Amino acid sequence: MPTPFQQAVWDAVRQIPRGRVTTYGEIARHLGTGAVRAVGSAVAKNPHAPAVPCHRVVRSDGMAGQYSGGQGMATKIALLREEGIEVHNGRIVAFESAIWRYPSQSVTNPSGR
DNA sequence: AACTTGACAGCAG
DNA sequence: GCTGCTGCCAAGT
């Protein structure tokens with residue numbers, strides 16, 4: 001029986017569109033907490049895969065990060081490549097461009113900046 | 001109730 | 001620029 005915190009994390013990850021990635025820090029910020037590690041633990045226990053694209057959650061330093069199954073980042077990278085995200089030697093290509101930012105409260109200017 | 005672990009992030013060397 | 005240590009919050013033992 002998952003905790004409300006884990007459900008919140010999974011719900012946040014579920015919002016990540018295909019072909020995009022996000023960082024644990026972004027999720028933590030979106031949840032209004034600095035528990036980046038707790039987020040990682042929650043995602044690691046994610047029983048809703050692949051409903052929750054946990055493989056789209058990467059590290060903030062541009063690396064794919066770890067993954068469950070003991071495969072390390074191998075499986076994670078494979079899934080990301082299927083999503084159209086290029087990954088070289090565990091490093092995400094165009095990382096800054098691939099990062100997905102959670103929508104703010106409201107955009108005063110819908111123009112996009 | 002307390003200690004340890006964890007799919008990380010950030011700063012210092 | 002890269003490697004290493006500390007800090008963070010939550011969950012598990």
Side-chain angles (χ1 to χ4, degrees):
Chain A
M1 180 177 189
T3 68
F5 180 80
Q6 294 184 334
Q7 293 184 38
V9 174
W10 299 333
D11 185 65
V13 176
R14 191 191 290 177
Q15 295 172 61
I16 306 172
R18 183 181 176 282
R20 277 292 157 73
V21 296
T22 200
T23 67
Y24 297 95
E26 280 297 304
I27 296 174
R29 180 190 286 185
H30 179 66
L31 297 180
T33 181
V36 293
R37 314 213 33 200
V39 171
S41 297
V43 175
K45 295 165 187 169
N46 158 36
H48 296 285
V52 178
C54 40
H55 59 267
R56 289 179 191 156
V57 186
V58 299
R59 288 178 55 141
S60 60
D61 63 323
M63 298 209 115
Q66 289 300 104
Y67 197 73
S68 65
Q71 310 306 291
M73 47 178 156
T75 308
K76 193 165 183 174
I77 292 172
L79 290 169
L80 289 173
R81 290 187 68 178
E82 291 297 304
E83 299 279 310
I85 302 170
E86 294 183 70
V87 182
H88 281 278
N89 195 25
R91 190 188 84 234
I92 298 182
V93 181
F95 173 64
E96 296 285 331
S97 303
I99 288 290
W100 160 260
R101 293 278 183 163
Y102 284 89
S104 302
Q105 301 268 300
S106 198
V107 185
T108 320
N109 184 349
S111 299
R113 179 162 64 89

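Only a predicted model underlies this, so the values are computations on that prediction, with no experimental measurement involved. Below, read A as the first sequence line, B as the second, and so on, with proteins coming before strands; counting in each chain starts at 1. All values below were derived from every heavy atom in this structure, side-chain atoms included, with hydrogens, water molecules and symmetry-related copies excluded.
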May I ask you to decide if the ring planes of Tyr102(A) and His30(A) are parallel, tilted or perpendicular, using 30° and 60° as cut-offs?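 Parallel, since the angle between the ring planes stays under 30°.
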Are OP1 or OP2 of dA11(C) and a side-chain N or O of Thr3(A) less than 4.0 angstrom apart?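 Answer is yes, contact under 4.0 Å.
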Check whether any side-chain N or O of Ser60(A) sits under 4.0 Å from OP1 or OP2 of dC8(B), and answer yes or no.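 No.
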Looking at every non-hydrogen atom in both residues, tell me the closest pair between Ala28(A) and Val36(A) and how far apart they are.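 Between these two residues, the closest heavy atoms are CB-CG1, 3.9 Å.
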Using Watson-Crick or G-U wobble geometry with both distances under 3.5 Å, which nucleotide pairs with dG1(C)?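 Pairing partner, where one exists within any strand: none, as none qualifies.
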Partner nucleotide of dC8(C) by Watson-Crick or wobble geometry (both distances under 3.5 Å):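 When the pairing criteria are applied, nothing turns out to pair with dC8(C), so the answer is none.
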Integer-rounded Å distance: [N] [atom2] and [X] [atom1]:
X        : N      : atom1 : atom2 : answer
Leu31(A) : dA9(B) : CG    : P     : 14 Å
Met63(A) : dC2(C) : CE    : C1'   : 11 Å
Ile92(A) : dA7(B) : CD1   : P     : 18 Å
Asp61(A) : dT3(C) : CG    : C1'   : 12 Å
Ile27(A) : dA7(B) : CD1   : C1'   : 11 Å
Arg91(A) : dC2(C) : CZ    : P     : 10 Å

I'd like to check [X] versus [Y] (side-chain heavy atoms, cut-off strictly below 4.5 Å). Are they in contact?
X        : Y        : result
Asn89(A) : Arg91(A) : no
Thr23(A) : Val57(A) : no
Arg20(A) : Arg56(A) : no

For DNA chain C, whose closest nucleotide is more 5', that of Arg37(A) or that of Lys45(A)? Arg37(A)
Quick check on DNA chain C: between Val36(A) and Ser41(A), whose nearest nucleotide comes earlier from the 5' end? Val36(A)
Give one of base, sugar-phosphate or nothing for Arg59(A), where a contact means two heavy atoms less than 4.0 Å apart.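 Arg59(A): backbone/sugar contact only, no base atoms under 4.0 Å.
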Candidates dA11(C), dC9(C), dA7(B) - which lies nearest the side chain of Phe5(A): dA11(C)
